[in-house]
Structures are given as C-alpha cells and as structure tokens.
Amino acid sequence: MAELPGQIRRMSGGISQLIEQIYGFSRRCLFRVISMGPIPSHLAFIMDGNRRYAKKHSLEDGSGHQAGFSALMSMLQYCYELGIKYVTIYAFSIDNFRRKPEEVQSLMDLMLEKIKSLLEKESIVHQYGIRVYFIGNLALLNDQVRAAAEKVMKATAKNSRVVLLICIAYNSTDEIVQAVKKSCINTSDNIEASGNYKHEDRDSDIEGTDMENQEKRIQLVDIEENMRMSVAPDPDILVRSSGETRLSNFLLWQTGNTQLFSPAALWPEIGLKHLLWAVLNFQRNHSYLEKRKKQL
Amino acid sequence: MELRKFQSSPLLIQLLLLSLELIDSLKMLSLRVRPPTSFDFRRFNAGYLERQWRLSRDCFLSFSPKVEENRGVRFGVKSSKSEVSFTAAEEEETLPEELQPELMPKHVAIIMDGNGRWAKNRGLQPWDGHRAGVEALKEIVKLCGKWGIQVLTVFAFSTDNWIRPRIEIDFLFSLFERSLKSEFQNLAENNVRISIIGDSSKLPKSLLRVINEIEEVTKNNTRLQLIVAVGYSGKYDVLQACRGIAQRVKDGEIEVEEIDERLIEEELETNCTEFPYPDLLIRTSGELRVSNFLLWQLAYTELFFAQELWPDFGRSGFIEALTSFQQRQRRFGGRKS
C-alpha cells in the first residue's frame, strides 16, 4: 500500500500526457479541416492586458507578463501549425517608455531573458525553423537588449519556413517618419546624380525633362520600400486582446485593409478558440476582399 | 509484477473510471464554451429592434418624402428625419442622459458604409441609397452641432471608389454638388465650417467651383467644422505630405535631420483644423476594417463598428457609439494608476 501514492502520481502523469496527445491530435485534425479554405498569410497581435490579468488573479506584478509570454508561445505554435507564414507581435511601444522606470526596467529584463532563450536548442525557433526580425527604433534600447536582438536576427537569417516579427521600441508614426526621411535622402541623391547627367544631355527635349521630374517625385513605392515592415506583406488579421478597440500606433500604414478582431479576453487568457474565430471570419470575407484587390 | 498489482487493485480501477469521467466532463465543457465576441456587436438593445421593425415596414413603402412625414401620424412613431433645420427651441435640447458632457469627443470621424446594400435590400437603385445616406448625414451633422462636437470628418469618396461604374460616380458627384448648393444657406446660418480634403485633381470642374466657394464663405464659422474627404486615402495624404517636405528640403528650408512627427503633421491635409486627430471613428455596416481612411491620424483613435447600414444609423446609433466611447479607458501607452 505504500507504493500507492507513487503509482497514482505516475498514473495521473500518464493520463495527463494522454489527454495532451489526444488534444494535440484533434487540434491538428481541426487545422487540417480549416486549411481547406483560405488561410491568412500574416497575423498581427497586440498583446494587451497582462497587468490586468495579474491584478485579477492577485499575482505579483511581473507574473502577468510571464503568463503573457507562455500564452504567446502557444499562440505561435498554433499559428505555425495552421500554416500561417508571418506573425507580428507588438512587444514594446515607444510610448511605453513613459511608464515608471522600474516597470520599464523589469520589462527590459524579461525581454532580454526571453530573447536569449530563443537562441537555445529546444526553443520554438529551432522547432519550426523561424526567421526572427526585430522591428523598431533599436537605438532606443539599452545595449544588452540590442546586442541580443541582433545576435538572434543573425543566427536565424538562414531560416525561411516561417517568420516572426517582434516590434520592439516601435511606433507606426516613427516608422513613417524614418521612411519619409530615407525617401527624401534618396530623392536628393537622385537629383544630384541626374544633375550631372543633365549637363551632358543638353539637347534632350521637353518631354524628357518632364519625365525626369516625374521620376524625381516621390512615389508610394518609395515610401513603402523604406518602411521597416517591408520584409513582410500587409497583415490579413489584427488581433488585439482585452477588448480595447484601437490601434495604439501599431502598423497604421499596413492595416488599411486588415480585418480587425478584438476579443474581450486578456492576453494571458487568449487561446485556440480566438484564433479559430478570427480565421473563420477572415475566410468569410476573403473572397470579397480578393475580388476588390484584383479590381484595384 | 506491477501490472498484476494494477489488475487486482479495486482502488486503481475506481481511479481509472474517475479519470474517464473527467475526460468526458472536459469534453462537455468545451462544447459549451461561448464563442468570443467581436468588436461591440451589441445587437439586442432597445433601439435595434425598433429599427428592424421600421426597416421591414420600409420595404413595403416606397421611399418618398410624403411617406416620411406621415410616418409619425400613422404609426405613432416619431421620426427625427422630418426635422429639417435648427430652431431656437431645439437648441435648448440637452444631451441625452446616457452621455456626459465632459467626456464628449472633440473630433469624430465616420466611414459612411452601406448605402449600396441598403438600397439593394429594398430593391432600389444604388443612387436611392446614396440619397438616403445624405439625409442620414444631415441628421448627424445637426446632432454634432447641438452636442458640442467640434470637428466631424466623413469619408465620402475614397481613392479605391474610382473603380465603381462611371454612372454611379457621376451621380455621386452631382448629388454632392446639389447637396452643397441646397445646404449652403443652412450651414452658413448655423455657423458650420466646411473643408474638403483629398485629391481634387480628378473631380469635375463645377464641383470644384462650388467647393471653393463654400469653403471661402464658411471659413470663419466656429460652431462645427465638417471635413468631407473626397478622393482621399490615408496613404495618399502621407505621400503628399512627404512630397511637400521633400520640396522644402530641396529648397533648403529644412534639413533632413529635422524631419519629425510634428513636421509631417503640419503637412497633412488635416492641418485645416485645430483637432486633426479623431477621438472616435465610427464605421457602419458591420465591416471590421479601416479601409485606408485617416491613416496617420488614427494612431490613438477609439474605433467603433456599428452593425447598421449608414442610412439607418441615426440618432440612436450615434448615442450608442458615444456611450461606448465614454466608457473607454484611454491610456496612450502609459498607465492609468
């Protein structure tokens, strides 16, 4: 009878493993059914509600973000199993630097720890062959975090199966300002370069000079190719947790035609059912949006 | 040896049965999980049922002004659409009880979506839907003026809408021109300022003339600023701001390093108003997209997605949107406490 508690523990461990395997198997079957329809290629997440979650469950302050991180890992797993190629997450905004220094510091420490863990052998990066990008004004971060981020980007540069874009020290307005600056610099460089040609080409007709003026004017593609997010296509779905319905300066340029979805669950509570609901709604509107895109 | 012990112990068998029950109850729980709610889909409020009833009634009645006036008499339902202009008595009307005056947004933006579907539901032509949309707009403009909203921006015509049939586009512009001319007097008397933003290069000349005239005449009005976005898209706005800045850099007025958010803000077309950033964006007809409207300016805007089609979005829909806005916590990236 003394061996009974040990046996019970082994049994319950075995049973929970069995339940997990059944769950994983049924989830993969479900994903296979859903993939019969169109699947979004790019999903974006605004991970809102970690601190409210900690307060709600009377946990200490940092554990809301820890719980948020594990929710993020499971969401990434579901997304990549479903076949979504690009996932973008809003980790830290430039506006968040305005919070209390202790909170900012603890967030930075958490991010450093998690970024370093991405390099480990058992991490999700190696499991799914993820290429990681860090998007944002990295100069605003402290040296350690920036160095770790650059290391991860370099280490995963060869992966090509799926892509994870982590927006850190990011603001959409800041991104647009940088793109505008680069476009202006490129334009003035082009003007200088063509100025040299103009002297040699004196007998070009009026149409020729008009065309040169047209080319010198900044076009939409000039701004778009200078955007930091140009490594990925526009998001198909944007999910913001905790029920708030606003963009908070995230991907303003890229979400012109993105489906917006705002479940009431806080970020650590987000789960498979929210992802499924978002994808099903996307499939409902997909044919109409594709038709419009072709017309444009 | 352990297997024999397992087979012989009744306690373990009971444990196995218990765990099977647990799996079963988990399965039952998962089936009863409610689907997650989407953006503000509060369909079953008091106004919604009444509106549905009116909608089904309208399907059997033709859309004519005479029927609108008789509506209240015949069915005992007051229609606010029969009111045409502000009067001194109406100005005393205060905010509804649900709304608090100190939490009213300064700038409201509206994407007026659903005219075509509204007309199709009733078996009418698309232009009847647009005409109904203009009536709905007049009502909202009136309410904004009464309730102290300073700026109202409406998305009348997008750069994406140029793909619509030519006949519809021509009708839309002539409707716009006619509405401006007929409401000219009204707007001037009620201290409303009109501004038009967007790419005006493709608009017909007669419309441009009317626009310039009405902008000039109303430019000193202060009660409400109505900004109509025609031929507008958020990306176009940022692009033209970028071109303006590039020109200034070329002329040596500013250095490239000096380009920042404030400079872009100055060059955007919404610089015609004191409050360029909307506090609240309303999109009707249930679509959950921003469709390239006011890209830069929507950074911290609260979004509200209404289920009704635009011609049905009247006073009650507007109150619902404002109530939802007033209940929100706006943090702008910081922390409340």
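Chain identifiers are assigned alphabetically (A, B, ...) following the order of the sequence lines, protein sequences preceding nucleic acid strands; residue numbering begins at 1 within each chain.
The environment of B/Glu98 atom CD is dense: over 12 non-hydrogen atoms of other residues, nucleotides or ligands sit within 6.0 angstrom. Heavy atoms of other residues, nucleotides or ligands lying less than 6.0 angstrom from NZ of B/Lys106 number 12 at most.
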Carefully, step by step, assess A/Phe261 and B/Leu288 under the rule side chain to side chain contact (heavy atoms under 4.5 Å, CB included). CA-CA 7 Å; A/Phe261 178 52; B/Leu288 301 176; 5.7 Å; no

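Here the straight-line distance linking atom CZ of B/Arg289 with atom OG1 of A/Thr258 works out to 10.0 Å at 0.5 Å rounding. Taken to the nearest 0.5 Å, the CG atom of A/Leu220 stands 10.0 Å off from the SG atom of B/Cys242. Remark: A/Thr173 OG1 to B/Arg262 CZ distance equals 14.0 Å, nearest 0.5 Å. Put simply, OG1 on A/Thr187 and CD1 on B/Ile245 are 11.5 Å apart, with the number rounded to the nearest 0.5 Å. In this structure, the separation between CD1 on A/Ile176 and NZ on B/Lys235 is 10.0 Å, given to the nearest 0.5 Å. Annotation: the span from A/Cys184 atom SG to B/Gln247 atom CD amounts to 10.5 Å, rounded to 0.5 Å.
Checked against B/Val290 for a side-chain contact (heavy atoms from CB on, under 4.5 Å), the options A/Leu252, A/Thr255, A/Leu260 give a single hit: A/Leu260.
Closest non-hydrogen pair, B/Leu239 versus A/Ile223, comes out as CD1-CD1, 3.7 Å.
A salt bridge does not link B/Glu257 with A/Lys181: none of the charged nitrogens is closer than 4.0 Å to a carboxylate oxygen.
No side-chain heavy atom of A/Val177 sits under 4.5 Å from any side-chain heavy atom of B/Leu263. Using a 4.5 Å heavy-atom cutoff, the side chains of B/Tyr300 and A/Asn249 are in contact. Using a 4.5 Å heavy-atom cutoff, the side chains of A/Arg246 and B/Thr301 are not in contact.
Residues that satisfy the side chain to side chain contact (heavy atoms under 4.5 Å, CB included) test with A/Ser241, not counting sequence neighbours, are A/Asp48, A/Trp267, A/Ile270.
Distance alone, capped at 3.5 Å, places no donor-acceptor pair between the A/Thr245 side chain and the B/Phe304 backbone.
For B/Leu295, the parts sitting under 4.5 Å from any heavy atom of chain A are the backbone and the side chain alike.
With chain A as partner, the option from B/Leu298, B/Asn292, B/Val256 having the largest number of non-hydrogen pairs under 4.5 angstrom is B/Val256.
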